[in-house]
Amino acid sequence: LQATKIKEHLKTYKEQVAKIIDLSKAEFHYNSTWLSKLNFQDICNLAEAFSVSQMISRRNFSERLEKGDEISLRELLYPLMQGYDSVALKADVEIGGFDQLFNLKAGRIIQKHFGMPEQDVLTVQMLEGTDGRKMSSSWGNIIAIDDEPNNMYGKVMALRDDLIAKYFLLTTDVDEAEIETIKSQIASGTNPKEIKMRLAREIVRQYHGDTVAQAAEHAWVKTFSEKEIPTDIKTVVVAQGALLKDILVEQTLVPSKSEFTRLISQGAIQNLTKNEKVSEVNMKVEETAVYKIGKKQFIKIEVK
């Protein structure tokens with residue numbers, strides 16, 4: 001069952017990666033191929049590559065120890081297993097986020113332990129979610145590279161203004177000199193709307209093409225600009241999975257759940273972020289979006 005799930009997930013990963021790299025020039029490996037062959041003696045040999053002090057000096061571990069939080073032995077074994085991947089693959093370069101630096105360096109340590117050349121390590125900056133917090137699907141603040149174009153465009157337009165320049169730098173091919181100009185424009189008080197529209201266009205273009213990006217922008221302008229959504233739109237924060245009908249009743253935007261059902265049947269409640277009508281009476285809110293109720297009421301629901 002677990003192997004089946006892994007294969008299902010891998011299919012999705014391949015589809016996403018294919019938007020970035022040429023799969024005909026890539027190889028995919030299951031680390032179970034070599035990790036499953038390790039016996040207890042092999043794992044003990046791996047453990048010899050690290051001292052306890054090296055492990056607990058990792059920032060994530062040291063901070064938790066200072067707080068008195070528990071750290072399982074399994075967590076300490078994880079860097080060993082990831083490091084052994086570099087041995088099995090005879091890696092010469094490993095790329096990862098800066099938060100993975102310890103694990104990436106573990107590969108060098110374990111390669112050295114086995115008498116192999118040590119791989120080079122390349123780290124990249126961490127990209128915050130649209131609300132400034134760490135990206136998390138449970139918080140609804142991610143922009144996935146396989147998002148539907150209109151949804152992707154809308155998510156970028158919901159991005160915090162102070163993250164615009166960073167998103168240009170880390171997610172687009174826009175020249176750095178131009179990004180510096182963008183930073184200056186934002187700092188000088190230029191309305192960020194047009195700049196953010198350019199960013200949204202660039203991001204959608206990369207994964208869906210120019211024509212689709214232009215169509216997504218047109219849909220967003222038609223939905224948000226022409227319908228004159230108020231700038232002081234009411235915003236609430238809810239837990240992922242909350243029922244839309246409960247939220248709207250609690251916020252007095254709908255007088256009752258029966259009225260909510262009636263509005264749904266009339267197609268009078270819309271998810272403007274996805275540019276679609278809400279059709280499910282028991283719809284759960286899974287991600288941040290703007291909703292229109294009737295002709296004049298709007299609410300932005302942020303998922304934490």
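- Across every non-hydrogen atom of Ile21 and Ala26, the tightest pair is CD1-CB, 4.0 Å.
- Residues Lys196 and Asp161 meet the side-chain proximity criterion, which asks for heavy atoms closer than 4.5 Å.
- What you find for Lys183 and Ala165 is that their closest heavy atoms are CG-CB, 3.5 Å.
- When side chains are defined from C-beta on, Phe168 counts as touching Ile195, because their heavy atoms get closer than 4.5 Å.
- Remark: the backbone N or O of Glu118 is not paired with any side-chain donor or acceptor of Lys112 at under 3.5 angstrom.
- Checked options Lys166, Arg133, Lys134; the residue passing with Glu128 is Lys166 (criterion: salt bridge (Lys or Arg N to Asp or Glu O under 4.0 Å)).
- Between Lys67 and Asp69, no side-chain nitrogen of the basic residue sits less than 4.0 Å from a carboxylate oxygen of the acidic one, so the salt-bridge criterion is not met.
- Partner of Gln119 under the side-chain hydrogen bond (donor to acceptor under 3.5 Å, both in side chains) criterion, out of Glu94, Arg108, Lys90, Lys105: Glu94 alone.
- Side-chain atoms of Val204 and Asp147, non-hydrogen and from C-beta on, never get closer than 4.5 Å to each other.
- Within the 4.5 Å cutoff, the side chain of Gln206 has no heavy atoms near those of the Ile145 side chain.
- Side-chain atoms of His113 come within 3.5 Å of backbone atoms of Asn45 as a donor-acceptor pair (strictly under, hydrogens ignored).
- Using a 4.0 Å cut-off between charged nitrogen and carboxylate oxygen, Asp210 and Arg201 do not count as a salt-bridge pair.
- Surrounding CD of Glu70 are at most 12 heavy atoms belonging to other residues, nucleotides or ligands under 6.0 Å away.
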- Give the intermediate values and the outcome of salt bridge (charged side-chain N to carboxylate O under 4.0 Å, His left out) for residues Arg198 and Glu178. CA-CA 12 Å; Arg198 162 82 187 284; Glu178 188 176 351; 2.7 Å; yes
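- Residues Ile203 and Thr172 are in side-chain contact: their nearest non-hydrogen atoms beyond the backbone lie under 4.5 Å apart.
- Within 6.0 Å of OH in Tyr30 there are more than 12 heavy atoms belonging to other residues, nucleotides or ligands.
- When the shell of 6.0 Å around CZ of Phe28 is examined, it contains more than 12 heavy atoms from other residues, nucleotides or ligands.
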